Amino acid sequence: MRVAHSLMTTMGYTAEDFIVTSDITIDYLCDSSVVFLPPYTSEYSYHNNDRFNVYGDVAVRVNEDYGSVNTVQCTALVPLYVNTDSSMDNHGAAGGIAFMEKCFEESYCTMDSIYSSVVPEMSGTSGVFSAYDRFVKDNYTEIPYELSTRLSGFMGDSGIYGAAESAVESYKSAFPDAAVSDAQSAYLKASAVADFLRDNYTYSLTAPIDRDDPVMSFLNDVKSGHCSLYASAMTLIMRELGVPARYCTGFAVDPANSVSPVTLRSKNLHAWCEVYIGQLGWVTFDPTSSSVYPNNNPVPPSTSTAQATTAATSSTPPSTSVPSRPEITGVTEEANASTTAESVEIAESVFDIKPYLPYIAAGVGLILTAAAAVAAVCSLKELNERARRGLNSLRKDNPRSAAPVIYQLLLESAEVCEISPEGGELPNIFYKRLDRQMGTRLSERTALLEAIAFGSYGADSAERDWLAKQLENLVCAADKSVGLARRIKIRKILAKK
């Protein structure tokens with residue numbers, strides 16, 4: 001947005017017709033080393049300021065040598081095609097993208113030279129945009145094969161493929177003389193996907209979540225969930241369409257309150273999707289049908305109808321009528337009663353087991369206890385073997401995909417040992433604390449871990465193996481310092497992965 005805004009201004013266009021600017025002041029009500037910024041920030045002096053360590057495009061962390069910050073001032077840039085609710089004029093937004101692309105073309109400069117001249121932190125770097133463009137397409141289009149197959153089937157059955165193509169064709173029909181660029185096509189498809197999720201799924205903080213298969217369960221079965229599921233689903237769907245996309249988290253503010261001061265609380269925590277559209281970078285899409293944005297549809301018509309039907313059905317109690325009993329004469333009942341009493345008397349006279357019941361119960365108890373102990377030992381051995389196989393399989397996996405998984409296993413295992421990052425704690429401070437308590441050596445390679453945690457770093461095999469070794473060290477230390485229940489929980493985590 002900084003590049004597009006500067007380019008349009010330089011060429012004499014009114015940039016504000018396409019990009020709205022707003023000065024923002026963020027006051028911290030408590031000490032924090034984390035600084036949250038708007039997704040599109042005009043002045044990025046944080047890059048060249050030794051007070052800040054920058055991770056990603058939105059959040060920065062304060063350099064630990066300087067302590068916390070109290071106030072951050074910046075200018076936010078908001079392009080007209082940021083898609084946050086169903087009232088968007090997608091054709092108009094796609095037209096805005098076309099105009100910006102025209103500005104780039106009329107500059108008669110390469111994208112690399114434009115970025116290098118406008119963005120100070122990119123000056124002196126050759127091929128900076130081309131390299132980043134390749135990086136994005138290599139890292140933000142990947143989906144595990146098994147999930148890709150299932151997702152593709154869902155998209156075909158649900159009509160998402162058709163909706164995405166129809167969005168592009170609709171734009172072509174509206175503007176028959178204009179060619180549709182890759183950036184416009186990506187935007188129109190993303191808009192169609194966001195609309196599909198808003199219109200067909202309901203927002204809920206209490207909907208059941210299948211933790212083993214959260215996204216596909218959300219899409220196929222539950223059709224209700226929180227913003228993380230919406231954002232995850234859209235990110236994967238866009239990647240399946242061949243469009244780079246990424247999952248983002250942060251805070252969201254109702255636009256109606258954006259003029260006056262707003263206190264951000266946990267209720268403002270939000271997740272959304274960003275879609276990459278070439279030289280214009282990442283574009284925000286919020287597919288969630290929630291109250292974060294008032295124009296989003298909180299309850300789709302189809303779902304509300306189903307709920308009403310269910311309520312109407314459940315309000316009528318089920319039939320409890322009992323079939324009529326066959327007529328039995330008194331003679332027959334007396335005969336049956338006599339026969340039954342006689343049978344009991346004969347059985348008791350043959351073998352009375354009452355005196356032996358305590359011994360039988362004790363014997364059964366011993367047998368069951370021994371069986372349970374044997375089963376428990378076998379189960380623990382099997383669980384331990386599964387955990388070992390899981391870790392060994394990660395050592396053989398692609399380092400780029402395995403390293404983030406191993407890092408997450410480290411954090412989850414540490415949490416079982418009641419060691420987790422404290423509020424506002426810098427990563428290197430947390431790593432040192434974990435090293436002291438669990439015998440790891442994470443603080444030796446803080447930069448590597450931060451790159452894995454906050455970006456899409458392509459770890460190599462040596463880095464993957466080193467990370468796996470630290471996980472082994474943590475597990476060994478846990479075996480000596482925590483109880484059996486927690487050791488079992490750690491192995492379940494490893495076995496599950």
Side-chain angles (χ1 to χ4, degrees), residues 1-8 14-24 36-44 56-59 74-101 103-104 136 140 167 171 181-198 227 230-231 234-235 237-238 243-259 262 264 268-297:
M1 285 305 96
R2 296 165 60 197
V3 173
H5 190 273
S6 298
L7 185 61
M8 284 190 285
T14 304
E16 284 67 26
D17 291 341
F18 300 92
I19 303 175
V20 178
T21 62
S22 176
D23 293 330
I24 293 179
F36 289 95
L37 301 175
Y40 311 97
T41 309
S42 176
E43 299 174 4
Y44 233 113
D57 299 326
V58 179
C74 59
T75 300
L77 303 174
V78 184
L80 61 84
Y81 47 75
V82 166
N83 189 309
T84 56
D85 60 63
S86 55
S87 64
M88 282 290 301
D89 178 6
N90 295 326
H91 284 180
I97 293 174
F99 178 78
M100 291 187 183
E101 289 185 300
C103 292
F104 281 108
V136 168
Y140 291 97
Y171 184 80
S181 67
D182 291 341
Q184 290 173 289
S185 176
Y187 179 85
L188 292 166
K189 290 178 180 179
S191 299
V193 172
D195 287 341
F196 176 88
L197 292 173
R198 293 187 197 115
C227 56
Y230 280 86
M234 180 168 181
T235 299
I237 289 171
M238 292 310 302
V243 180
R246 66 186 184 186
Y247 170 90
C248 302
T249 58
F251 294 88
V253 179
D254 185 341
N257 298 326
S258 60
V259 178
V262 176
L264 296 177
N268 296 103
L269 286 168
H270 199 51
W272 60 91
C273 173
E274 289 186 351
V275 176
Y276 184 73
I277 57 172
Q279 64 263 44
L280 296 178
W282 296 96
V283 176
T284 299
F285 285 84
D286 184 6
T288 305
S289 57
S290 72
S291 59
V292 174
Y293 295 102
N295 289 325
N296 284 17
N297 180 19

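None of these values were measured; they are calculated from a predicted model. Just so you know, residue 1 is the first one in the sequence shown, and it goes up from there.
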Could you work out, with side-chain contact (heavy atoms from CB on, under 4.5 Å) as the rule, every residue matching [X], not counting sequence neighbours?
{"X": "Ser181", "value": "Glu101, Ala183, Gln184"}
{"X": "Cys248", "value": "Arg246, Trp272, Glu274"}
{"X": "Ala167", "value": "Leu188, Ala192"}
{"X": "Asn268", "value": "Phe251, Leu264, Arg265"}

Nearest heavy-atom pair of [X] and [Y]: which atoms, and what distance?
{"X": "Leu80", "Y": "Gly92", "result": "CD1-O, 4.1 Å"}
{"X": "Thr288", "Y": "Ala271", "result": "OG1-O, 4.2 Å"}
{"X": "Tyr171", "Y": "Ala94", "result": "CE1-CB, 3.7 Å"}
{"X": "Met238", "Y": "Ala245", "result": "CB-CB, 3.7 Å"}
{"X": "Thr14", "Y": "Phe18", "result": "O-CD1, 4.1 Å"}

Report the distance from atom [atom1] of [X] to atom [atom2] of [Y], rounding to the nearest 0.5 Å.
{"X": "Arg198", "Y": "Asp85", "atom1": "CZ", "atom2": "CG", "answer": "6.5 Å"}
{"X": "Ile97", "Y": "Leu280", "atom1": "CD1", "atom2": "CG", "answer": "6.5 Å"}
{"X": "Arg2", "Y": "Ile19", "atom1": "CZ", "atom2": "CD1", "answer": "12.0 Å"}
{"X": "Glu16", "Y": "Thr21", "atom1": "CD", "atom2": "OG1", "answer": "5.5 Å"}
{"X": "Tyr276", "Y": "Tyr140", "atom1": "OH", "atom2": "OH", "answer": "11.0 Å"}

Could you list the residues that satisfy side-chain hydrogen bond (donor to acceptor under 3.5 Å, both in side chains) with [X], not counting sequence neighbours?
{"X": "Thr75", "result": "Asp23"}
{"X": "Asn90", "result": "Asn83, Ser191"}
{"X": "Tyr81", "result": "none"}

(message) For a 4.5 angstrom cut-off between non-hydrogen side-chain atoms, does Val82 reach Tyr40?
(response) yes
(message) Within the 4.5 Å heavy-atom criterion, are Met88 and Asp195 side-chain neighbours or not?
(response) no
Can you list everything that forms a ring-ring contact (aromatic ring centres under 6.0 Å, His included) with [X]? Sequence neighbours excluded, please.
{"X": "Phe285", "answer": "Tyr187"}
{"X": "Tyr230", "answer": "Phe218"}
{"X": "Phe104", "answer": "none"}
{"X": "Phe196", "answer": "none"}

(request) Return each pair, listed once, that meets salt bridge (Lys or Arg N to Asp or Glu O under 4.0 Å) where at least one residue sits in residues 88-98; pairs must be two or more places apart or across chains. (result)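 Listed by first then second residue: nothing to list.
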